[in-house]
Amino acid sequence: MARKKNRMSQEVNAGSMADIAFLLLIFFLVTTTIASDKGILNILPPKLDPNNPPPEIDKNDRNIFTILLNANDQLLVEGEFRDNPEGLDEEIKAFILNFGSPDEEGTALYNTLPASVKALAARDPESSDDPGEAVVSIKTDRGTSYDKYLEVFDMAKKAYFDIYAARVNLSTDEYRALTGKTDAEVSLQDKGKEGIPMAISIAEPNKIGGN
């Protein structure tokens, strides 16, 4: 009768390797930064009631600063063609602070502005009446790139933030860094914006370019 040969089984203890893998998993979960997509931080208007349409607003053309973007990312700014938005923020700022024909509230606002901001008032009768009436209108094409749209939109916002910051004697970066977590910061934010709403209108894109 043949005798069975006892063979020693070759086994590897994997218990410690499982512990190491678990520790590595925890390490990477704790130390890894997960990228998150950020959208445009805008406050959207409330949903319209179909039974109660909003009233039509009669806005004079001189109080609207028009920016058109086509499918090739080219701009038409106040009827003037250009390939890039360089200097657009300064033009928007001059438009907002034109004070071409201010009403009583506009005149009172002008008198509260620091000298550096008052100096930007060109008093052009063909441009905006006062900051309370000024609107920046941005209209794109279906083929306009998202990057170019954001670049133009950011420049429009920068124009307003430049004004707000100058009113409270801060740099634009310092003003935008205000979190509003303290009463002092809220006071600065409110003082900068008082009487000058950030009126940026985003019109529905044209259905021309793109897919």
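For this chain, numbers begin at 1 and follow the sequence in order.
- Formation of a donor-acceptor pair under 3.5 Å by the D130 side chain with backbone atoms of E133 is found in this model.
- More than 12 heavy atoms of other residues, nucleotides or ligands sit less than 6.0 Å from atom CZ of F81.
- Considering all non-hydrogen atoms of both residues, G192 and V168 come closest at N-CG1, 3.8 Å.
- Geometrically, R123 engages Y110 in a cation-pi contact, judged by NZ or CZ lying under 6.0 Å from the ring centre and within 45° of the ring axis.
- Closest approach of G132 to P197, counting heavy atoms only: CA-CD, 4.4 Å.
- In terms of heavy-atom proximity, S128 sits nearest to N98 at O-ND2, 2.8 Å.
- Taking 4.5 Å as the limit, every side-chain heavy atom of Y175 sits out of range of all side-chain heavy atoms of D162.
- Residues Y146 and L88 share a hydrophobic cluster, clusters being chains of Ile/Leu/Val/Met/Phe/Trp/Tyr side chains in contact below 4.5 Å.
- Taking 4.0 Å as the cut-off between side-chain N and carboxylate O, K191 and E194 do not count as a salt-bridged pair.
- Looking at D73 and S145, their side chains do bring a donor and an acceptor atom within 3.5 Å of each other.
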For the pair V77 and T66, evaluate side-chain contact (heavy atoms from CB on, under 4.5 Å) and give the outcome as yes or no after the intermediate values.
CA-CA 6 Å; V77 180; T66 307; over 6 Å; no
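- Below 30°, between 30° and 60°, or above 60°: for F153 and Y149 the angle between ring planes is below 30°, a parallel geometry.
- Here the closest heavy-atom approach between residue K158 and residue D89 is recorded as NZ-OD2, 3.2 Å.
- Side chain of E185 to main chain of T179: a donor-acceptor pair is present (N/O by atom type, distance under 3.5 Å, no hydrogens or angles).
- With hydrogens and angles disregarded, no donor-acceptor distance shorter than 3.5 Å links the side chain of N72 to the backbone of Q74.
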Notebook entry, point to check: Going through the distances and angles, do E91 and F95 end up as a side-chain contact (heavy atoms from CB on, under 4.5 Å)?
Noted result: CA-CA 6 Å; E91 294 178 47; F95 164 77; over 6 Å; no
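- The nearest pair of heavy atoms linking R82 to E86 is NH1-O, 4.2 Å.
- At least one side-chain heavy atom of L113 sits less than 4.5 Å from a side-chain heavy atom of F99.
- No donor-acceptor pair closer than 3.5 Å links the side chain of S187 to the backbone N or O of D183.
- Looking at heavy atoms from C-beta onward, V152 lies in side-chain contact with L75 at the 4.5 angstrom threshold.
- The pair R176-E174 does not count as a salt bridge, with every side-chain nitrogen at least 4.0 angstrom from each carboxylate oxygen.
- In this structure a side-chain-to-backbone donor-acceptor pair under 3.5 Å is present from T144 to N70.
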| request: Show the numbers, then the answer: is there a side-chain contact (heavy atoms from CB on, under 4.5 Å) between Y160 and K93? | output: CA-CA 7 Å; Y160 279 99; K93 188 160 53 173; over 6 Å; no
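- Summarising the geometry of E204 relative to K139, their closest heavy-atom pair is O-CE, 3.2 Å, with the distance given to 0.1 Å.
- Salt bridge annotation for E78-R62: absent, with no cationic side-chain nitrogen under 4.0 angstrom from a carboxylate oxygen.
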